[in-house]
Amino acid sequence: LAAYRTDEGQPWVLPVVKKVEQVIANDHSLNHEYLPILGLPEFRANASRIALGDDSPAIKENRIGSVQSLGGTGALRIGAEFLRRWYNGNNNTATPIYISAPSWENHNSVFVDAGFKDIRTYHYWDAAKRGLDLQGLLDDMEKAPEFSIFILHACAHNPTGTDPTPDQWKQIAAVMKRRFLFPFFDSAYQGFASGSLDKDAWAVRYFVSEGFELFCAQSFSKNFGLYNERVGNLTVVGKDADNVQRVLSQMEKIVRTTWSNPPSQGARIVATTLSSPQLFAEWKDNVKTMADRVLLMRSELRSRLESLGTPGTWNHITEQIGMFSFTGLNPKQVEYMIKEKHIYLMASGRINMCGLTTKNLDYVAKSIHEAVTK
Amino acid sequence: QAEAMIASKKMDKEYLPIAGLADFTRASAELALGENNEAFKSGRYVTVQGISGTGSLRIGANFLQRFFKSSCNVYLPKPSWGNHTPIFRDAGLQLQAYRYYDPKTCSLDFSGAMDDISKIPEKSIILLHACAHNPTGVDPRQEQWKELAAMVKKRNLLVYFDMAYQGFASGDINRDAWAVRYFIEQGINVILSQSYAKNMGLYGERAGAFTVVCSDAEEAKRVESQLKILIRPMYSNPPLNGARIASIILNTPDLRKEWLVEVKGMADRIISMRTQLVSNLKKEGSSHNWQHITDQIGMFCFTGLKPEQVERLIKEFSIYMTKDGRISVAGVTSGNVGYLAHAIHQVTK
């Protein structure tokens with residue numbers, strides 16, 4: 001599974017999380033009572049603020065809503081259930097859902113199980129040039145039926161690690177606006193990708209500033225390291241406050257029959273951290289630590305491959321971002337890596353950069369070199 | 001105490017498996033089925049962690065919708081927990097009902113239930129509250145459970161037990177699980193949803209479990225695989241905190257003993273409030289028969305009060321209950337039971 005590892009190859013509980021858990025444990029005014037259906041209010045407001053930015057016009061105009069969810073998956077599912085019931089008509093299961101080729105494999109199942117019947121892919125990864133197939137993507141959007149829903153990765157695209165540049169996002173937004181396409185962002189790596197919360201939220205915020213209504217499924221699994229606490233948030237940006245209230249009222253009905261109300265522990269940790277200036281600063285620091293380590297592993301791996309003279313170009317390793325990298329290794333080379341070198345990649349050539357450490361960099365680089373040259 | 005143990009161990013926050021914490025699910029199955037239950041011992045069951053009772057019910061509902069091709073009808077008792085209907089409906093099933101509560105006696109309409117159940121089409125799904133029926137507090141007696149089991153067996157119905165109050169109802173976890181275990185002993189492969197919200201006070205931690213009793217361990221493995229396929233696109237994997245607390249309690253002998261005492265304490269307090277309410281009503285001079293208050297069990301009580309009487313209680317006495325006359329006995333204390341009895345007497349005399 002996708003989880004961060006330290007340079008010792010160990011899981012990492014963020015220092016700020018440990019600190020906050022102590023605070024919570026010592027707060028005897030807290031109990032285990034039910035949270036409201038939509039979740040802990042302080043969590044919801046802060047989580048959406050993190051995604052949209054303190055100065056978001058949507059927040060100022062009071063036209064945002066939040067649904068605390070069971071991880072990013074839960075946020076995607078609640079959003080999908082809502083869209084199937086209320087978007088583009090009533091219970092319109094025929095609205096096309098567009099998912100990038102490739103994408104996180106669970107995206108497909110989420111929308112199928114939410115009842116959608118027409119799931120399509122949009123061009124994304126260009127294997128030949130090992131980068132974004134922007135033209136293919138834009139063409140798919142031009143041809144998509146109006147009101148189609150597009151699942152967009154806010155940053156650190158999973159599994160390719162390849163994100164559109166700001167300029168490319170602008171082109172994407174322009175087509176989507178013209179074609180009335182609905183943006184459903186999946187934001188699982190905010191802060192974790194570049195080390196900067198604002199930079200990693202640029203695309204979502206740009207779409208908001210362009211006047212889109214949108215959903216953003218947020219996960220705090222990676223950037224808070226709270227994987228098993230299932231902390232997520234579905235941010236809703238609507239046309240106006242009234243609209244958003246009606247949306248939230250329907251969201252409550254969906255949540256009520258799925259999990260009734262969300263788990264409190266993880267949300268409390270995040271809310272406490274985000275609402276204290278000092279803890280917030282500490283958290284950003286912890287996040288940057290994780291992001292920087294991954295960035296370092298990328299640059300170290302690339303420089304070793306280039307020093308070894310491994311055939312091919314390796315700049316994609318540092319141009320890609322986030323937890324994963326599409327190495328460009330073919331299935332046979334991947335098999336070699338797994339069987340002969342005991343280095344685990346997906347058949348797609350996807351590697352988890354978090355698995356790299358200063359101790360195994362040389363071994364991994366040499367193994368890739370062998371796989372490519374033999 | 002379990003929380004302190006967890007804090008001291010400084011564990012990591014890695015994802016749980018899709019089916020949840022194994023120590024928790026195994027302990028949940030044992031708690032419900034009993035350690036000597038043949039189905040438990042032989043491993044011919046699968047238990048997955050669910051998001052408290054609601055989440056566990058929903059997993060089961062989705063599972064039935066996808067795999068139980070014999071019927072899409074779920075029969076609920078009249079009345080049932082308000083959320084049962086939307087849960088099953090959202091899962092894509094249809095709702096039917098069987099008679100259950102008799103408002104004339106404020107107790108079980110047993111002949112009505114048996115009559116309706118005898119007419120349920122074969123292989124339909126029937127939902128039963130294992131104990132502390134919500135919202136009425138009316139449970140079948142053991143002899144009645146035996147007849148119900150024989151009837152559902154005769155009609156070849158799929159039995160879905162909702163057990164949200166094990167231990168919290170009578171104070172005795174074995175007694176509260178008696179119906180579930182009896183049905184299994186009669187050869188009925190039940191499916192079951194459990195919640196730890198009330199009996200461990202873990203409300204906001206969302207600890208629950210969904211169990212399917214199968215014909216053998218092989219089938220159980222296949223069922224587990226399908227349950228995981230349902231869970232992953234819902235929320236990927238469940239939250240750890242509540243399940244870990246519950247697991248430590250159930251699996252640590254000293255803590256388990258303490259818990260049994262504590263849950264009995266909660267149940268005893270509820271039972272004592274029922275007794276005090278009735279004795280206070282008598283003291284007020286009420287001539288009505290209030291026996292149903294002590295016959296009923298669990299968190300809720302169907303008082304038998306009519307809507308007009310309920311409205312007076314709300315307006316004149318600031319006592320809040322639902323229009324159907326249901327009170328939450330958990331809200332009754334030795335400090336307010338006298339006032340409550342007084343008010344009820346005023347509106348019913």
Side-chain angles (χ1 to χ4, degrees), chain A residues 1-3 10-14 17-18 21-22 25 31-35 40 69-78 80-81 85 105-115 219 221 224-232 253-268, chain B residues 3-4 6-8 10-18 20-21 50-59 61-62 65-66 82-92 195-197 200-208 229-245:
Chain A
L1 280 176
Q10 294 304 307
W12 194 50
V13 178
L14 275 58
V17 167
K18 284 193 193 144
E21 284 185 315
Q22 266 308 120
N31 53 39
H32 293 292
E33 291 297 293
Y34 290 125
L35 285 182
L40 187 67
S69 311
L70 283 266
T73 305
L76 283 164
R77 180 60 176 265
I78 297 297
E81 293 280 350
R85 285 163 172 74
E105 76 285 350
N106 205 20
H107 277 146
N108 204 279
S109 315
V110 168
F111 286 86
V112 166
D113 281 15
S219 168
S221 291
F224 259 90
L226 287 173
Y227 306 93
N228 62 27
E229 305 280 4
R230 314 312 293 125
V231 196
K253 295 202 183 121
I254 295 167
V255 168
R256 186 88 174 109
T257 62
T258 313
W259 54 62
S260 263
N261 45 77
S264 56
Q265 182 70 358
R268 261 196 233 284
Chain B
E3 287 180 297
I6 292 167
S8 71
K10 298 182 192 305
M11 299 176 201
D12 63 44
K13 299 213 173 279
E14 296 299 286
Y15 286 124
L16 279 179
I18 299 173
L21 187 66
I51 313 297
S52 205
T54 299
S56 304
L57 279 163
R58 181 60 182 271
I59 290 170
N62 281 7
Q65 188 278 334
R66 191 174 283 189
N83 209 16
H84 277 146
T85 293
I87 288 171
F88 285 106
R89 199 172 41 214
D90 277 10
S195 167
Y196 290 89
M200 284 197 184
L202 291 173
Y203 305 90
E205 304 292 342
R206 321 309 292 129
I229 291 173
L230 274 168
I231 291 170
R232 178 121 165 92
M234 260 202 264
Y235 51 83
S236 276
N237 43 74
L240 172 64
N241 203 44
R244 189 158 54 185
I245 293 170

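Proteins come first, then strands; the chains are lettered A, B, ... in the order of their sequence lines, and each starts at number 1. None of these values were measured; they are calculated from a predicted model.
The pair Glu105(A)-Arg232(B) meets the salt-bridge criterion, with a side-chain N (NZ, NE, NH1 or NH2) lying under 4.0 Å from an Asp/Glu carboxylate O. The pair Asp90(B)-Arg85(A) meets the salt-bridge criterion, since a charged nitrogen lies less than 4.0 angstrom from a carboxylate oxygen.
Counting heavy-atom pairs under 4.5 Å between each of His84(B), Arg66(B), Arg89(B), Arg58(B) and chain A puts Arg58(B) at the top. Counting heavy-atom pairs under 4.5 Å between each of Ala75(A), Ser69(A), Ala25(A), Ser221(A) and chain B puts Ser221(A) at the top. Listed options Leu230(B), Asp12(B), Thr54(B), Leu202(B) were ranked by heavy-atom pairs under 4.5 angstrom with chain A; first place goes to Thr54(B). Interface summary for chain A: among Met234(B), Glu14(B), Glu205(B), the most heavy-atom pairs under 4.5 angstrom belong to Glu14(B). Note on Asn106(A), Asn108(A), Asp113(A): by heavy-atom pairs under 4.5 Å with chain B, the leading option is Asn106(A).
Side-chain contact between Leu40(A) and Ser264(A): absent, with no pair of heavy atoms (C-beta onward) separated by less than 4.5 Å. Side chains of Ile51(B) and Ser260(A) form no contact here, defined as non-hydrogen atoms less than 4.5 Å apart.
For Glu21(A), the part sitting under 4.5 Å from any heavy atom of chain B is the side chain, from C-beta outward, and nothing else. Heavy atoms closer than 4.5 Å to chain B are found nowhere in Val231(A), neither backbone nor side chain. Both the backbone and the side chain of Ser236(B) come within less than 4.5 Å of a heavy atom in chain A. Proximity to chain A (any heavy atom under 4.5 Å) is restricted, for Ile229(B), to the backbone atoms N, CA, C and O.
Between Arg206(B) and Trp259(A) the shortest heavy-atom distance is NH2-O, 2.9 Å.
Of the inter-residue distances, the one linking Leu16(B) atom CG with Leu240(B) atom CG reads 5.0 Å to the nearest 0.5 angstrom. Of the inter-residue distances, the one linking Asn241(B) atom CG with Arg230(A) atom CZ reads 13.5 Å to the nearest 0.5 angstrom.
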